[in-house]
Amino acid sequence: YAIKDWSFYLNYGLTRSKSWSREETWSNHLYNGKRTMIEDDMRRISQNWSNTIFASASWKTLKLTYNGQIVSDSKSWNLSSGTLGNHTNASNMLSPVGYHNISLRYAAPFGMTVGGDYTRYSENRFQSLFKDADYLLGSENRQNINRWHVSVDQQHQLGQWQLNYGAEYQHSKDHSSQHYGIVDMAFDDILNEDVANFYVGTQRAFDWGVSFNASAKGEYYHSKYQHNWNFIPQLGATYYKTPKSIFQLNFNTQRIYPSYWELHGGTSHINDYSTIIGNPKLQPYIQYDAQFNYILRQKYVATLYFQYGDKATVQLPYQSSDVLNLIYQTINMNYERVVGLNLHAPFNVWYIWNATTTTNIMNRRAKANHFHDISFDNSKWIFYGSLTNSFKFSQNCPVSVSVDFSYISPSLQGIADLSAIWKIDAGVKWQFGKKRCCELDLKADDIFNKWSPTMTISHAGQDYRMKVHDMTRNLKLTFIWRFNGFKPKDNSSVDTSRFGTGK
């Protein structure tokens, strides 16, 4: 709704979710000089109601925004059977999970933008572990996070040059706790985190076809366990003299932070054998991404890319050498590096057949000198290929049919090797109504349910295999009605990856 200098927006979504998955594991555990095979077949069931709210009010260049996510009736069950017997791990929220973010932003007429936001997250989860009908243990996990963020940015136009600089500051107060009813393990901590950065950047377009932007950021990070400075550069350049050939160069750097819950070092039990352990020594890591693109005739794209995660994190199972226990813990590796070539090409046969093919050949390497008490250096060449197809029966036919193919060759994740996966998707789309404002889509994804890998770890005495049976096959029926030029807001910028006790 808009009137004069005011505009208002409100969007509400309600989702009922139920999910099922299954995984089989074979852990040939070396302990006290002998091997013990522990087999487990686990089924996972979960359900919840999710409410999402987005609201904003704007007056000229002043904008107030609210983003909310409230999850209720959240329950899950892990049902496992195998060598160690039958276990039930039940989890339910004692109160709705709440994520609330409110932000205020003002753009001044002289190029300055000032903003601030506040985020509140709360969760209260109770977990119970049973062996057959016998109660083994239970834990109550709480998380309450308050996070404040402020920023200021100034832009100047100096002839054909644009100069911008600014600063940001974020403070987080994380009050988390874990209490067991029987086992003497508990924590009740308050962790404070401060992130401050200062940045400067410039951009310019030249008449002879080159445009570029560059920036540099100095970031200071402080928490209970560490504090350090980091340099974060960014660079982008494009050469565009003729539409037939376009060259692009991009270099991006970003800091990736661990979840708040993992930093407390708590322990969650999956069953008698498997546990998830936090890691107070976990560090944020820096991800470097570089891309060189060549675009031919504005549709054929060749991309040479390089990714490097300095101290990249990974969470994988580890068979303890001290006790018959399988440990899941997120750790920092030395690095994870990917170098590859991606080719993207669309083509068509009249109006009948429109297709796009994508080919990606990469080399991935993950190295860790200290993965618990062992080390690994795992590398592999990986191939990804996809072909999307859309068919029409006549030029103005309102009905189209799609058939898509995707394949990934054997790949890796840290110390683990992953099997090849593939899938076939198919669908039919019908557009109707005035100016075809209505659309009915029927889509079947992963028809043969083959988009889940088998994970194998066979290195330095570790002997483990997991077969995932996730139900990636699904059938979706979607109806869309567009009227009055409405376009939905994209609220995907809300990032909740650091919140939650289920890490």
Exercise for the section: Check the pair E123, T501 against side-chain hydrogen bond (donor to acceptor under 3.5 Å, both in side chains), reporting the backbone distance first and the verdict last. Expected result: CA-CA 8 Å; E123 180 179 309; T501 65; 2.4 Å; yes
Handout entry: salt bridge (Lys or Arg N to Asp or Glu O under 4.0 Å) partners for D404, two or more places apart
Key = none
Exercise for the section: Report the residues that fulfil ring-ring contact (aromatic ring centres under 6.0 Å, His included) with Y199, sequence neighbours left out, ordered by chain and then residue number. Expected result: none
Exercise for the section: For residues 67-96, pull every pair meeting salt bridge (charged side-chain N to carboxylate O under 4.0 Å, His left out), keeping only residues two or more places apart or in separate chains. Expected result: R16-D73, D73-K75
Problem - Residues forming a salt bridge (Lys or Arg N to Asp or Glu O under 4.0 Å) with R43, sequence neighbours excluded - result: none
Fill in the blank from the handout: Residue pairs passing the salt bridge (charged side-chain N to carboxylate O under 4.0 Å, His left out) test with at least one member in residues 250-269, sequence neighbours excluded, are E219-R255
Handout entry: F405 vs W422, ring pair (Phe, Tyr, Trp, His ring centres under 6.0 Å): CA-CA, chis, key distance, verdict
Key = CA-CA 8 Å; F405 307 90; W422 60 274; 9.4 Å; no
Problem - Check: D463 main-chain N/O paired with N28 side-chain donor or acceptor under 3.5 Å - result: no
Handout entry: Donor on one side chain, acceptor on other, H469 and E23, under 3.5 Å
Key = no
Practice task
Please work out which of the three classes, parallel, tilted or perpendicular, describes the rings of H264 and F187, given edges at 30° and 60°.
Solution key: parallel
Exercise for the section: Taking atom types as modelled, find out whether Y121 and N144 have a side-chain donor-acceptor pair closer than 3.5 angstrom. Expected result: no
Handout entry: More than 12 heavy atoms of other groups within 6.0 Å of W59 CH2
Key = no
Exercise for the section: For S419 and T454, indicate whether the former's side chain and the latter's backbone hold a donor-acceptor pair under 3.5 Å. Expected result: yes
Handout entry: Distance-only polar pair, side chains of N228 and N230, donor-acceptor under 3.5 Å
Key = yes
Exercise for the section: Taking all heavy atoms of S176 and all of W261, pick out the closest pair and write down the distance. Expected result: CB-CZ3, 3.8 Å
Practice task
Would you check if the side chain of N141 reaches a backbone N or O of S177 as a donor-acceptor pair within less than 3.5 Å?
Solution key: no
Problem - Pair S27-Q319, side-chain donor/acceptor within less than 3.5 Å - result: yes
Problem - Modelled atom types, side-chain donor and acceptor of Y288 and N252, under 3.5 Å - result: no
Handout entry: Set of ring-ring contact (aromatic ring centres under 6.0 Å, His included) partners for Y220, sequence neighbours left out
Key = W229
Handout entry: Pairwise distance CG(L324) to CG(L30) - rounded to 0.5 angstrom
Key = 10.5 Å
Handout entry: Atom of S151, atom of E168 and distance for their closest heavy-atom approach
Key = CB-CG, 3.6 Å
Handout entry: Check: Q283 main-chain N/O paired with N332 side-chain donor or acceptor under 3.5 Å
Key = yes
Practice task
State, yes or no, whether a side-chain contact exists between R465 and S458 at a heavy-atom distance under 4.5 Å.
Solution key: no
Practice task
Kindly state each residue pair satisfying salt bridge (charged side-chain N to carboxylate O under 4.0 Å, His left out) with at least one member in residues 445-462, sequence neighbours excluded.
Solution key: K443-D445, D445-K476
Exercise for the section: Identify, with sequence neighbours excluded, every residue that meets ring-ring contact (aromatic ring centres under 6.0 Å, His included) alongside W381. Expected result: none
Problem - Inter-residue atom distance I382.CD1 - R364.CZ, 0.5 Å rounding - result: 5.5 Å
Taking distance alone, no hydrogens or angles, what donor-acceptor pairs closer than 3.5 Å link side-chain atoms of residues 97-107 to residues at least two apart or in another chain?
{"unit_1": "H100", "atom_1": "ND1", "unit_2": "Y66", "atom_2": "OH", "d": "2.7"}
{"unit_1": "N101", "atom_1": "ND2", "unit_2": "D117", "atom_2": "OD1", "d": "3.3"}
{"unit_1": "N101", "atom_1": "ND2", "unit_2": "T119", "atom_2": "OG1", "d": "2.8"}

Exercise for the section: For Y260, enumerate each residue passing the ring-ring contact (aromatic ring centres under 6.0 Å, His included) test, keeping only those at least two apart in sequence or located in another chain. Expected result: F499
Problem - Side-chain heavy atoms of N250 within contact of L235, under 4.5 Å - result: no
Exercise for the section: Might you work through the side-chain hydrogen bond (donor to acceptor under 3.5 Å, both in side chains) test for S19 and S46, ending with a clear yes or no? Expected result: CA-CA 5 Å; S19 66; S46 64; 2.5 Å; yes
Practice task
Decide if the gap between the ring center of Y308 and the ring center of Y335 is smaller than 6.0 angstrom.
Solution key: yes
Practice task
Determine whether Y169 and D194 make a side-chain contact, defined as any pair of heavy atoms from C-beta on separated by less than 4.5 Å.
Solution key: yes
Completion exercise
Residue pairs meeting salt bridge (charged side-chain N to carboxylate O under 4.0 Å, His left out), one or both in residues 128-149, sequence neighbours left out, come to K131-D272, E140-R142
Problem - Non-hydrogen atoms of S320 and H29 that approach each other most closely - result: O-NE2, 2.6 Å
Completion exercise
With sequence neighbours left out, the residues meeting side-chain hydrogen bond (donor to acceptor under 3.5 Å, both in side chains) with D373 are Y318, S321
Problem - CA sep, side-chain torsions, deciding dist, call: Y305, D289, side-chain hydrogen bond (donor to acceptor under 3.5 Å, both in side chains) - result: CA-CA 7 Å; Y305 63 93; D289 295 285; over 6 Å; no
Practice task
Could you point out which residue of Q226, H227, E193 forms a side chain to side chain donor-acceptor pair (under 3.5 Å) with Y221?
Solution key: E193
